[in-house]
Amino acid sequence: MNMRSHVMGGGRNSGWAGMRSLRQDRSVLQHRVKKGTARRMLTFAVPYRKILAVFLPVVVLAAAVSAVNPLILRALIDNGIYKKDASLVIWLAILVAGLALFDAGLALTERRISAYIGEGLIFDMRSKVFRHIQRMPLAFFTRTQTGALVSRLNNDVIGAQQAFTDLLSNVVGNLVTVVIVLGAMFFLSWPITLAALVLLPVFLIPARLVGRRIGSLTMEGYNLNSEMNMVMQERFNVGGAMLVKLLGRPEVEATSFEAKAGRVRDIGIAQATYARIFFVALTLTASLATAIVYGVGGVAAVHGALQVGTVVALTQYLTRLYGPLTQLSSLNLDVMTALVSFERLFEVLDIIPMIQEDPDALDIPRGQASIEFDQVDFAYPGAEEVSLASLESVAVLESGASNEILHNVSFKVESGQMVALVGPSGAGKTTISSLVPRLYDVTAGSVRLSGIDVRRATMSSLRDVVGVVTQDPHLFHDTLRANLLYARPEASESDILAALAQAQVGHLVGELPDGLDTVIGERGYRLSGGEKQRVALARLMLKAPDIVVLDEATAHLDSESEAAVQRALRETLSGRTSLVIAHRLSTVREADELLVIDDGRIVERGTHISLLAENGLYAELYRTQFADQEVAG
């Protein structure tokens, strides 16, 4: 048996498992975990308590079976070979083979159950975090780094699962192994056992130093990889790639990326070197301990104080001792790693969504609908209300109260009416439109749809009743069909084609290589700006809401496309209530009422003609914003 098998044998790869423990970031030991984290962590194991009742005995039994072999070897040498009892040798050999098969079965069972629990935990945690994030208000996503969120769903979830299952299997298995092995060794020869254990501190102290260095390198590597992932995520989407090309900085980007990648390369080399140092040190320590046992035990056997089989059994036990002891010496680190990983997940789960459905929520009735703003004040929520510093690109959340954006805004859009919002940039028009679908909640006052306060409405009915098209609509990196069906999954192909025709983009299906099943690229970049806008309008038409909110959906269209879409909108908006942010003269003229917004207040209201006659802010906006459109028209 070579020395590597000595070190690895009987411990379920305990040498490398010890390496994994030592390479963890030791800074977690200085972290003060929130009270109750351990209890909450254990709640994730509750659904698996029945299978855990099988798993833990299997781990214990596997450790016990592994510890029996040296005793069989001792009996085989002392009672079989030396006493020339062939039948005993055969029976013991058969027993060894049987135990090997049994141990293999236990190993497979242990791995199967461990995988079931581990993958189940990943599913449970990932699903819970994903569902919770989906409930977050829009303000959460406007502040949070996407990469940081993805990291919580991937790295932290997997880290928590690994730490949790490692604690379950390794700690129990290693404890049983160490207890049985030390008990057997002391039973066989306590002086030799003590002599062999003298070398353990000689190994553990340098191993801790190596582990500390590997831990810091590992953390630096994680941070650099996270930075590279963020860079790739931002530079490899279409908008980022276009910006890099337009500003002519590909070499600067490549140099910066290569610097990080080069450091990751150097860290990888250093980690591999330190890992080999650890393994060589473990192997050397085990070899020296084995030499002590062979030397002291061999001399004792020569003088008749010990039997040869006992000396061999002691060396076998020694190979099963150092790996588990190394892992148990890092038990506090394993526990803290698990707690910190779970704590990072609980940080996200503990963010209380600002937009929540009332327990007694009402469905907004379908059909004729109205919008009413009643003395609405609004300020965007502060960072501490919606986000975490660790999920943002800054180290500390902003402090101070948010400035109020809307002040005492009151108006009503009757069923079937179109009301247009006009005003200078930053006046609060988009903020008003975002309160209708309840992307945010008002600070004071109320927003009512068909007489029902949106805070008392069910989220599902709110989504059904209100349809929104923004100035820059989002399309998924999916097929044209999937993007349209997102609005109404049960829609038939004829419904889809009718909506596209109504949005004056029916020709697009015939022009795309795979028709409706063509993948339109990230954010719809395979389509022109006008086509993307009209696909978004088709999606709105497919949804067929009772209330339509448009952040000037025709803003990116050329004159010909705009005229076609305006015809489609007139048909779509007929009989529907609509609130439109106006950037086009055509919208202004057709509105039943214009609301002029300035500094978060309604400063003027009326029709296009009446407001021009007042010669106020609207007349000024008209001269600077709409007059050229009138001349062009």
Side-chain angles (χ1 to χ4, degrees), residues 1-12 14-15 18 63-93 95-97 99-100 103 174-208 277-329:
M1 183 181 295
N2 60 38
M3 192 52 63
R4 177 173 296 183
S5 63
H6 270 285
V7 176
M8 305 295 285
R12 301 269 192 250
S14 56
V65 168
S66 177
V68 169
N69 274 322
L71 293 178
I72 297 175
L73 184 60
R74 175 196 181 211
L76 188 144
I77 293 172
D78 293 340
N79 299 327
I81 296 174
Y82 275 100
K83 294 182 179 179
K84 303 186 184 304
D85 188 342
S87 63
L88 180 61
V89 170
I90 292 172
W91 281 113
L92 289 176
L95 179 59
V96 169
L99 284 175
D103 188 46
N174 289 332
L175 276 174
V176 173
T177 297
V178 168
V179 170
I180 292 177
V181 168
L182 282 177
M185 289 181 70
F186 274 101
F187 170 75
L188 293 175
S189 175
W190 66 265
I192 294 178
T193 301
L194 290 177
L197 291 177
V198 167
L199 286 176
L200 187 61
V202 176
F203 162 71
L204 283 180
I205 293 173
R208 285 297 183 88
I277 291 172
F278 172 86
F279 188 74
V280 168
L282 179 58
T283 304
L284 179 61
T285 306
S287 299
L288 293 175
T290 302
I292 290 174
V293 172
Y294 275 136
V296 177
V299 170
V302 168
H303 291 90
L306 280 180
Q307 292 182 304
V308 174
T310 300
V311 176
V312 174
L314 284 168
T315 60
Q316 287 291 301
Y317 277 127
L318 201 58
T319 65
R320 289 161 167 78
L321 185 62
Y322 274 81
L325 277 176
T326 302
Q327 283 187 270
L328 289 176
S329 71

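Excluded from the calculations below are hydrogen atoms, water molecules and symmetry mates; all remaining heavy atoms, backbone and side chain alike, are included. Count residues from 1 along the sequence.
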Q) Has the side chain of Ser66 got a donor or acceptor atom that lies under 3.5 Å from a matching backbone atom of Ala63? A) no

**Q.** For Ile72, side-chain contact (heavy atoms from CB on, under 4.5 Å) partners two or more places apart
**A.** Val68, Asn69, Leu92, Leu95, Val96, Leu99

Q | Listed partners of Ala184 passing side-chain contact (heavy atoms from CB on, under 4.5 Å), at least two apart | A | Tyr317

Q.
Which residues pass the side chain to side chain donor-acceptor pair (under 3.5 Å) test with Asp85, not counting sequence neighbours?
A. Ser87

Q: Might you point out which heavy atoms bring Val89 and Leu76 nearest each other, and give the distance in Å?
A: O-CD1, 4.2 Å

Q: Please check if atom CZ in Phe186 has more than 12 non-hydrogen atoms from other residues, nucleotides or ligands closer than 6.0 Å.
A: yes

Q. Restricting to pairs with a member in residues 296-312, which pass side-chain hydrogen bond (donor to acceptor under 3.5 Å, both in side chains), not counting sequence neighbours?
A. Arg74-Thr310

Q) Taking all non-hydrogen atoms of both residues, which atom of Thr177 and which atom of Arg320 are closest, and how far apart? A) CG2-O, 3.6 Å

Q. Rounded to the nearest 0.5 Å, what separation is found between the CG atom of Asn174 and the CG atom of Leu321?
A. 10.5 Å

Q) What distance do Leu188 atom CG and Leu306 atom CG have between them, rounded to the nearest 0.5 Å? A) 8.5 Å

Q | Test side-chain contact (heavy atoms from CB on, under 4.5 Å) applied to Ile90 - qualifying residues, sequence neighbours left out | A | Ile94

Q.
I need the minimum non-hydrogen distance between Pro324 and Val178, along with the two atoms involved.
A. CB-CG2, 3.7 Å

(Q) Using every non-hydrogen atom in the two residues, find where Ile180 and Ala67 come nearest and quote the distance to one decimal. (A) CG2-CB, 3.2 Å

Q. From Thr290 OG1 over to Leu314 CG, what is the distance, rounded to the nearest 0.5 angstrom?
A. 10.5 Å

(Q) Working to the nearest 0.5 angstrom, can you tell me the gap between Leu73 CG and Ile81 CD1? (A) 8.0 Å

Could you tabulate the donor-acceptor pairs under 3.5 Å formed by side-chain atoms of residues 192-200, not counting sequence neighbours?
| residue | atom | partner | partner atom | Å |
| --- | --- | --- | --- | --- |
| Thr193 | OG1 | Met185 | O | 3.0 |
| Thr193 | OG1 | Ser189 | O | 2.8 |

